[in-house]
Amino acid sequence: VQLQASGGGLVQAGGSLRLSCSASGRTSSSWSMGWFRQAPGKEREFVAAIRWPYGNTLYADSMKGRVTISRDNARNTANLQMNSLKPDDTALYYCAVSISRHSVWSQDYRYWGQGTQVTVSS
(Lines give C-alpha, C1' and ligand atoms only; values in the text may rest on other atoms or scores of the structure.)
Protein backbone atom coordinates (compact mmCIF):
# COMPACT_ATOMS: atom_id res chain seq x y z
CA VAL A 1 0.00 0.00 0.00
CA GLN A 2 1.33 3.41 -0.97
CA LEU A 3 0.07 6.60 0.61
CA GLN A 4 0.23 10.12 -0.74
CA ALA A 5 -0.62 12.98 1.58
CA SER A 6 -1.26 16.56 0.56
CA GLY A 7 -2.80 19.79 1.76
CA GLY A 8 -0.41 21.03 4.41
CA GLY A 9 0.79 24.58 4.57
CA LEU A 10 1.05 27.77 6.57
CA VAL A 11 -2.09 29.22 8.13
CA GLN A 12 -2.84 31.85 10.73
CA ALA A 13 -4.31 30.91 14.09
CA GLY A 14 -8.05 30.46 13.77
CA GLY A 15 -7.77 29.38 10.17
CA SER A 16 -8.56 26.08 8.47
CA LEU A 17 -6.75 23.48 6.42
CA ARG A 18 -7.87 20.35 4.63
CA LEU A 19 -5.48 17.45 4.37
CA SER A 20 -5.98 14.57 1.97
CA CYS A 21 -4.42 11.14 1.76
CA SER A 22 -4.84 8.70 -1.09
CA ALA A 23 -4.09 5.01 -0.80
CA SER A 24 -3.07 2.88 -3.75
CA GLY A 25 -2.25 -0.78 -3.99
CA ARG A 26 -3.89 -3.73 -2.31
CA THR A 27 -5.63 -3.07 0.98
CA SER A 28 -8.23 -5.47 2.34
CA SER A 29 -12.01 -5.68 2.60
CA SER A 30 -11.89 -3.88 5.94
CA TRP A 31 -9.22 -1.33 6.74
CA SER A 32 -8.66 2.00 8.40
CA MET A 33 -6.90 5.18 7.46
CA GLY A 34 -5.66 7.30 10.29
CA TRP A 35 -4.01 10.67 10.72
CA PHE A 36 -1.25 11.21 13.22
CA ARG A 37 0.92 14.20 13.93
CA GLN A 38 4.33 14.81 15.41
CA ALA A 39 5.67 18.13 16.59
CA PRO A 40 9.40 18.73 17.13
CA GLY A 41 10.55 17.16 20.37
CA LYS A 42 7.20 15.45 20.97
CA GLU A 43 5.87 11.96 20.47
CA ARG A 44 3.64 11.07 17.57
CA GLU A 45 -0.01 11.41 18.51
CA PHE A 46 -3.27 10.22 17.05
CA VAL A 47 -5.63 12.72 15.41
CA ALA A 48 -8.45 10.82 13.70
CA ALA A 49 -9.23 7.66 11.76
CA ILE A 50 -11.91 6.34 9.44
CA ARG A 51 -12.83 2.77 8.58
CA TRP A 52 -13.64 1.13 5.28
CA PRO A 53 -16.24 -0.05 4.31
CA TYR A 54 -18.64 1.34 6.95
CA GLY A 55 -17.16 4.75 7.68
CA ASN A 56 -16.71 4.38 11.43
CA THR A 57 -14.67 7.23 12.83
CA LEU A 58 -12.36 7.81 15.76
CA TYR A 59 -11.15 11.16 17.07
CA ALA A 60 -8.58 12.24 19.60
CA ASP A 61 -10.29 13.95 22.51
CA SER A 62 -8.01 16.95 22.09
CA MET A 63 -9.17 17.46 18.52
CA LYS A 64 -12.90 16.74 18.81
CA GLY A 65 -15.02 19.58 17.54
CA ARG A 66 -12.19 21.02 15.46
CA VAL A 67 -11.50 18.22 13.02
CA THR A 68 -13.66 16.11 10.75
CA ILE A 69 -12.47 13.07 8.87
CA SER A 70 -14.30 11.95 5.75
CA ARG A 71 -13.64 9.69 2.82
CA ASP A 72 -14.00 9.34 -0.91
CA ASN A 73 -14.69 5.65 -1.41
CA ALA A 74 -14.06 5.63 -5.14
CA ARG A 75 -10.61 7.14 -4.70
CA ASN A 76 -9.58 5.41 -1.46
CA THR A 77 -8.99 8.86 -0.06
CA ALA A 78 -9.45 10.22 3.43
CA ASN A 79 -9.78 13.94 4.06
CA LEU A 80 -9.05 15.70 7.32
CA GLN A 81 -10.76 19.05 7.72
CA MET A 82 -9.14 21.07 10.50
CA ASN A 83 -10.74 24.26 11.79
CA SER A 84 -9.92 26.82 14.47
CA LEU A 85 -6.28 25.93 14.20
CA LYS A 86 -3.90 26.90 16.97
CA PRO A 87 -0.11 27.31 17.02
CA ASP A 88 0.02 24.09 19.08
CA ASP A 89 -1.37 22.26 16.04
CA THR A 90 1.91 22.90 14.22
CA ALA A 91 3.34 19.50 13.35
CA LEU A 92 4.17 17.06 10.62
CA TYR A 93 0.94 15.24 9.84
CA TYR A 94 1.11 11.64 8.68
CA CYS A 95 -1.53 9.40 7.20
CA ALA A 96 -1.35 5.69 7.78
CA VAL A 97 -3.26 2.51 7.00
CA SER A 98 -4.19 -0.31 9.31
CA ILE A 99 -5.38 -3.56 7.78
CA SER A 100 -6.08 -4.98 11.20
CA ARG A 101 -7.74 -2.98 13.94
CA HIS A 102 -9.59 0.34 13.82
CA SER A 103 -7.29 1.95 16.30
CA VAL A 104 -5.83 5.07 17.86
CA TRP A 105 -2.46 3.34 18.34
CA SER A 106 0.28 3.97 15.83
CA GLN A 107 1.66 0.44 16.22
CA ASP A 108 -1.52 -0.92 14.62
CA TYR A 109 -0.84 1.01 11.41
CA ARG A 110 1.38 -0.86 9.00
CA TYR A 111 1.68 1.59 6.11
CA TRP A 112 2.72 5.22 6.43
CA GLY A 113 2.81 8.20 4.14
CA GLN A 114 5.62 10.72 3.95
CA GLY A 115 3.97 13.42 6.04
CA THR A 116 2.75 16.89 5.24
CA GLN A 117 3.77 19.94 7.26
CA VAL A 118 1.16 22.09 8.96
CA THR A 119 2.36 25.37 10.44
CA VAL A 120 0.03 27.64 12.37
CA SER A 121 1.26 31.15 13.05
CA SER A 122 0.08 33.22 15.98
Side-chain angles (χ1 to χ4, degrees):
V1 177
Q2 293 79 44
L3 300 174
Q4 182 66 47
S6 62
L10 174 64
V11 64
Q12 289 188 333
S16 299
L17 277 176
R18 181 181 173 91
L19 307 183
S20 294
C21 183
S22 296
S24 59
R26 178 176 295 182
T27 52
S28 67
S29 59
S30 183
W31 56 285
S32 296
M33 185 178 288
W35 284 96
F36 294 78
R37 67 182 185 181
Q38 188 166 19
K42 295 187 177 181
E43 294 186 354
R44 187 171 297 183
E45 64 174 343
F46 172 76
V47 178
I50 192 163
R51 187 77 170 168
W52 268 261
Y54 299 116
N56 316 58
T57 57
L58 293 169
Y59 291 99
D61 287 343
S62 62
M63 303 295 287
K64 279 183 180 177
R66 298 196 297 123
V67 300
T68 302
I69 191 167
S70 61
R71 61 183 182 160
D72 181 335
N73 287 341
R75 300 181 181 183
N76 278 356
T77 296
N79 302 303
L80 186 71
Q81 178 68 40
M82 302 190 293
N83 301 319
S84 302
L85 285 164
K86 308 172 184 178
D88 284 348
D89 294 318
T90 296
L92 192 59
Y93 283 70
Y94 296 91
C95 59
V97 164
S98 168
I99 58 173
S100 57
R101 297 192 295 175
H102 190 40
S103 169
V104 304
W105 305 109
S106 60
Q107 55 264 40
D108 289 322
Y109 288 79
R110 183 174 179 180
Y111 303 99
W112 291 80
Q114 82 283 8
T116 184
Q117 179 67 39
V118 171
T119 303
V120 184
S121 63
S122 58

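Numbers here are sequence positions counted from 1.
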Could you state whether Trp31 and Trp112 fall into the same hydrophobic cluster, counting links through intermediate Ile, Leu, Val, Met, Phe, Trp or Tyr residues with side-chain heavy atoms under 4.5 angstrom apart?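 No: no chain of side-chain contacts under 4.5 Å links Trp31 to Trp112.
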Should Val47 and Tyr94 be regarded as members of a common hydrophobic cluster, given that ILVMFWY residues are connected when their side-chain heavy atoms come within less than 4.5 Å of each other, either directly or indirectly?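 Looking at the clustering, Tyr94 is in a separate group from Val47.
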Are more than 12 heavy atoms from other residues, nucleotides or ligands located less than 6.0 Å from atom CD of Gln107?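 Atom CD in Gln107 is packed in, count exceeds 12.
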In this structure, are over 12 heavy atoms from other groups packed under 6.0 Å from Arg66 atom CZ?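 Buried by this count: over 12 neighbours within 6.0 Å.
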Minimum heavy-atom distance [X]-[Y], with the two atoms named:
X: Arg71; Y: Arg51; value: NH1-O, 3.2 Å
X: Met33; Y: Ala78; value: SD-CB, 3.3 Å
X: Ala91; Y: Ala39; value: CB-N, 3.8 Å
X: Leu92; Y: Thr116; value: CD1-C, 3.6 Å
X: Ala49; Y: Tyr109; value: CB-OH, 3.5 Å
X: Val104; Y: Leu58; value: CG1-CD1, 4.0 Å

Please report the interatomic distance [atom1]([X]) to [atom2]([Y]), rounded to the nearest 0.5 Å.
X: Tyr93; Y: Arg44; atom1: OH; atom2: CZ; answer: 13.0 Å
X: Trp35; Y: Met63; atom1: CH2; atom2: CE; answer: 11.5 Å
X: Leu19; Y: Ser6; atom1: CG; atom2: OG; answer: 8.0 Å
X: Ser98; Y: Trp105; atom1: OG; atom2: CH2; answer: 14.0 Å
X: Arg18; Y: Thr68; atom1: CZ; atom2: OG1; answer: 9.5 Å
X: Ser32; Y: Arg101; atom1: OG; atom2: CZ; answer: 10.5 Å

Within residues 39-120 or reaching into it, pairs that qualify as disulfide bond (SG atoms under 2.5 Å apart) - sequence neighbours excluded: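 Listed by first then second residue: Cys21-Cys95.
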For the pair Tyr59 (side chain) and Gly65 (backbone), establish whether a donor and an acceptor sit closer than 3.5 Å, ignoring hydrogens and angles.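 The answer is no, because no donor-acceptor pair under 3.5 Å joins these two groups.
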Strictly distance-based, threshold 3.5 Å: is any side-chain N or O of Gln117 a donor or acceptor partner for the main-chain N or O of Gly8?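 Checking the backbone N and O of Gly8 against the side chain of Gln117, no donor-acceptor pair under 3.5 Å is found.
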Side-chain donor-acceptor pair present, Asn79, Gln81, cut-off under 3.5 Å: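 No pair is found: no donor N or O on one side chain lies under 3.5 Å from an acceptor on the other.
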When you compare the side chains of Thr90 and Thr119, does any donor N or O come within less than 3.5 Å of an acceptor on the partner?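 Result is no, nothing qualifies.
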Do Met82 and Val118 touch side chain to side chain, with heavy atoms closer than 4.5 Å?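 Of all side-chain heavy-atom pairs linking Val118 with Met82, at least one is under 4.5 Å.
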Asp89/Lys86 salt bridge by N-O under 4.0 Å criterion: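 Salt bridge between Lys86 and Asp89, a charged N being under 4.0 Å from a carboxylate O: no.
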Take Trp52 and Asn76 through the side chain to side chain contact (heavy atoms under 4.5 Å, CB included) test and state the conclusion after the steps. CA-CA 9 Å; Trp52 268 261; Asn76 278 356; 4.1 Å; yes
Can you name the ring-ring contact (aromatic ring centres under 6.0 Å, His included) partners of Phe46, sequence neighbours left out?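 So Phe46 forms a ring-ring contact (aromatic ring centres under 6.0 Å, His included) with Phe36.
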Listed by chain and number, what are the side-chain hydrogen bond (donor to acceptor under 3.5 Å, both in side chains) partners of Ser62, not counting sequence neighbours?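 Residues passing side-chain hydrogen bond (donor to acceptor under 3.5 Å, both in side chains) with Ser62: none at all.
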